[in-house]
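Scroll down for the structure; my scribbles are underneath it.
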Amino acid sequence: MGDYKTETGAQLFARLEARRCLIDIEPHLFPKNCGPQYGEVVELHGLEGTGKTELLYHLLCRCILPVEAGGMGVEVVFVDTDYSLDMLRLVTILENRLAAGRSSSSPQAESDAGCSEEAALRTCLSRLLVVHCGSSSQLLLTLHYLETSLSSRPGLSLLLIDSISAFYWLDRCGGGESAARQEDKLTKCSELLSRLLRDYRITVFATSHAIRRNYRNIATSSSSSSSSPSCSEYEQPYLCRPWQRLVTHRLLCSRGTPGTNMATACTEEQSRRQTFNVRCVSFSSSSSSKVTKAHKSSSFYVTDGGVVFV
């Protein structure tokens, strides 16, 4: 028989206390003092091409970058269900953020950092675990596997899922005419996530594609002069109820008009950039019914170095 070490309740509590709270992950996005707390879920929702992926990369880099480069220095699990993670893009953003951190430091620190650019990048990427899933069954197994990592790695604070709605149509086809069978796997994933959130105090960010149109809003949006679909037409949640109950913050992403949200002193080049709008709605997690606690709107544009808020 091997030697097994048991963990007391006090040791478990101390280890979980070491997990970083992400309430200040991005003040531009969340209302004051209403960022994601321990055990909360943030859903990034919007049509294709509304900046969700770039926003996700921004939040990911913010977590794995060191504190001296404006990051939080925590570990992240990225579950890629769309097989769309662009590592080259992610590394480019990291390199730009690390360079910005070195340029703002003292000359001596900048000189020392110049010798270890690759080492700093490797350290950042060592905090990232990427997992690919091709079905909701694989996603469920991944979440089961994740429990082992969470119990042994207190530095692991964030779970990113891109996207939670990737298998929506596949599950609907596989479930036949029964709505319960159509939602069975995502319901089980949500129930398991609920336990992981409660027991290990992690934070979850997940994207969802806006694929279900809310026809109640079409009448109001049709009066607009724009012929493109309104973002408000696609705001209605459509994933299973257990998932909807988990969500405590919803980031509704949409495309803006170039230059409309820029400061008056912006350059001509900046005014031509495509801007993206984000409306954050934070819900009260103390009630089974969704009650809006706070909301905030923000805008950003995308550069080679990542997201820039305006």
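Nothing fancy with the numbering, it's 1 onward along the sequence. Just so we're clear, the structure is a prediction, and the values are computed from it rather than from any experiment.
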ask   = Does any N or O in the side chain of Asp184 come within less than 3.5 Å of the main-chain N or O of Ala180, such that one atom is a donor and the other an acceptor?
value = no
ask   = For His45 and Glu43, does a side-chain donor sit closer than 3.5 Å to a side-chain acceptor?
value = no
message = Checking the side chain of Arg62 only, and the main-chain atoms of Ile25 only, is there a donor and an acceptor separated by less than 3.5 Å?
response = yes
query = Can you find a pair of side-chain heavy atoms, one from Val91 and one from Leu125, that are under 4.5 Å apart?
reply = yes
key: Pair Glu191 + Arg195: basic N to acidic O under 4.0 Å   = no
request  = Without swapping roles, check the side chain of Glu147 against the backbone of Leu196 for a donor-acceptor pair under 3.5 Å.
outcome  = no
inquiry  = Would the distance check show the side chain of Arg201 and the main-chain N or O of Gly39 forming a donor-acceptor pair, the cut-off being under 3.5 Å?
reply    = no
key: Lys/Arg-Asp/Glu bridge criterion (N-O < 4.0 Å) met for Arg241, Glu183   = no
inquiry  = Assess the residue pair His58 and Glu26 against the criterion (side-chain hydrogen bond (donor to acceptor under 3.5 Å, both in side chains)); give the C-alpha distance rounded to whole Å, side-chain angles, the decisive distance to 0.1 Å, and a yes or no.
reply    = CA-CA 9 Å; His58 171 75; Glu26 183 45 78; 2.7 Å; yes
message = A cation-pi test, strictly: NZ or CZ of Arg273 under 6.0 Å from the centre of the six-membered ring of Tyr301 and no more than 45 degrees from its axis. Yes or no?
response = no
Distance-minimising heavy-atom pair for Val307 and Arg97 = O-NH2, 3.2 Å
query = Once the angle between the rings of Phe30 and Phe205 is folded into 0 to 90°, is it parallel (under 30°), tilted (30 to 60°) or perpendicular (over 60°)?
reply = perpendicular
request  = For the residue pair Asp82 and His132, confirm or rule out a side-chain donor-acceptor distance under 3.5 Å.
outcome  = no
